[in-house]
Amino acid sequence: MTMTGYFTHPDCRKHEMGPGHPECPERLDAIEDRLLVTGLGLALERREALPAAVADIELVHSRMYVAALRGLSDGLKSEIDAGGPSHVQIDPDTSLNVSTFDAALCAAGAALAATDAVLAGDLTNAFCAIRPPGHHACREHAMGFCFFNNVAIAAKYALECHGLKRVAIVDFDVHHGNGTEEVVVADPRMLMVSFYQYPFYPLDHAHSSAGNLVNLPVPAYTKGMEIRELIENAWIPRLEAFRPEMIFISAGFDSHREDDLGQLGLVEQDYAWITHRIKDVARRHAKGRIVSCLEGGYNLSSLARSAEAHIRVLADV
Ligand SMILES: [Zn+2]
């Protein structure tokens with residue numbers, strides 16, 4: 001019997017980057033509401049995450065970067081007390097408020113707790129409803145709404161702390177997961193498969209041609225059926241040959257055709273199809289073990305419907 005976990009933490013709602021920012025707390029509410037009205041939430045094992053230990057964050061990020069981020073957060077608290085601004089800007093799209101550091105620890109903590117539970121056989125698979133997202137976060141810097149690379153941290157943790165030998169990362173966000181790629185190219189125990197709109201953000205981050213990456217850059221307005229064909233021909237044979245012992249998903253729903261942050265043409269049924277294909281691989285090689293983490297998805301309606309379609313397949317209901 002399949003048991004699917006749903007991991008989140010109230011602190012993930014407290015991080016916000018200013019009025020009108022698309023990466024907003026309401027994204028999590030939209031998913032929660034959808035699980036409630038459809039009854040799908042009842043089929044999930046709901047768990048509250050704990051903040052990640054800094055030592056686990058440092059499996060991917062440098063000690064200096066983690067300390068610098070904590071320093072910015074602490075500095076901001078004193079500045080606010082003195083009547084200063086409420087945010088520290090990291091790049092034009094990315095800023096910290098007083099809750100960002102704790103939210104980022106809880107987001108990574110959810111991915112780690114899900115990994116523990118799935119590897120213990122306590123859950124078959126899990127979805128982490130978390131923010132800030134992670135796949136642009138690099139070893140030494142935050143960017144593109146991301147602070148800690150949740151999926152890369154959990155994947156490294158599965159290798160280093162649970163002794164797995166091979167893990168795969170699947171990224172279906174509209175944007176290229178440059179931060180994750182940086183981690184994967186340095187570690188042959190990882191395979192990353194992805195598609196993303198190109199040319200597009202993050203433009204100046206080169207796409208590596210390392211052998212453990214299957215990058216599928218696609219032009220704007222590519223439709224779901226074309227993506228499915230690419231996945232069938234390029235991802236699946238490589239995943240099958242790699243035989244991952246666990247699969248991590250960077251679940252970005254901004255590749256939906258209704259999402260204005262990207263221009264790809266996926267719909268809910270495409271996310272369901274992709275999830276089925278990943279589950280097939282996981283069943284054959286990984287005892288079904290999948291941990292999926294929310295990345296993008298900014299149109300609240302299509303985000304909620306797409307996350308539902310994805311979780312429905314994970315939970316087999
Ligand atoms: Zn994205």
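Residue numbers start at 1 and run along the sequence shown. Counting starts at 1 for both ligands and their atoms, in listed order.
Counting just the N/O/S atoms of D254, the one with the shortest distance to the Zn ion (ligand 1) is named OD2. The atom name of the N/O/S atom in H175 closest to the Zn ion (ligand 1) is ND1.
Ring geometry for Y196 against H176 counts as tilted: the plane angle lies between 30° and 60°, on a 0 to 90° scale. Note: F148 and H61 have tilted aromatic rings, judged against thresholds of 30 and 60 degrees for the angle between ring planes.
Here H136 does not reach the Zn ion (ligand 1): none of its N/O/S atoms is less than 2.8 Å from the metal. In summary, D173 places an N/O/S atom under 2.8 Å from the Zn ion (ligand 1), meeting the contact criterion.
For residues 111-132, the pairs satisfying ring pair (Phe, Tyr, Trp, His ring centres under 6.0 Å) are F127-H310, with sequence neighbours left out. Applying the salt bridge (charged side-chain N to carboxylate O under 4.0 Å, His left out) definition to pairs two or more places apart or across chains, those involving residues 121-150 are E23-R131, R47-D122.
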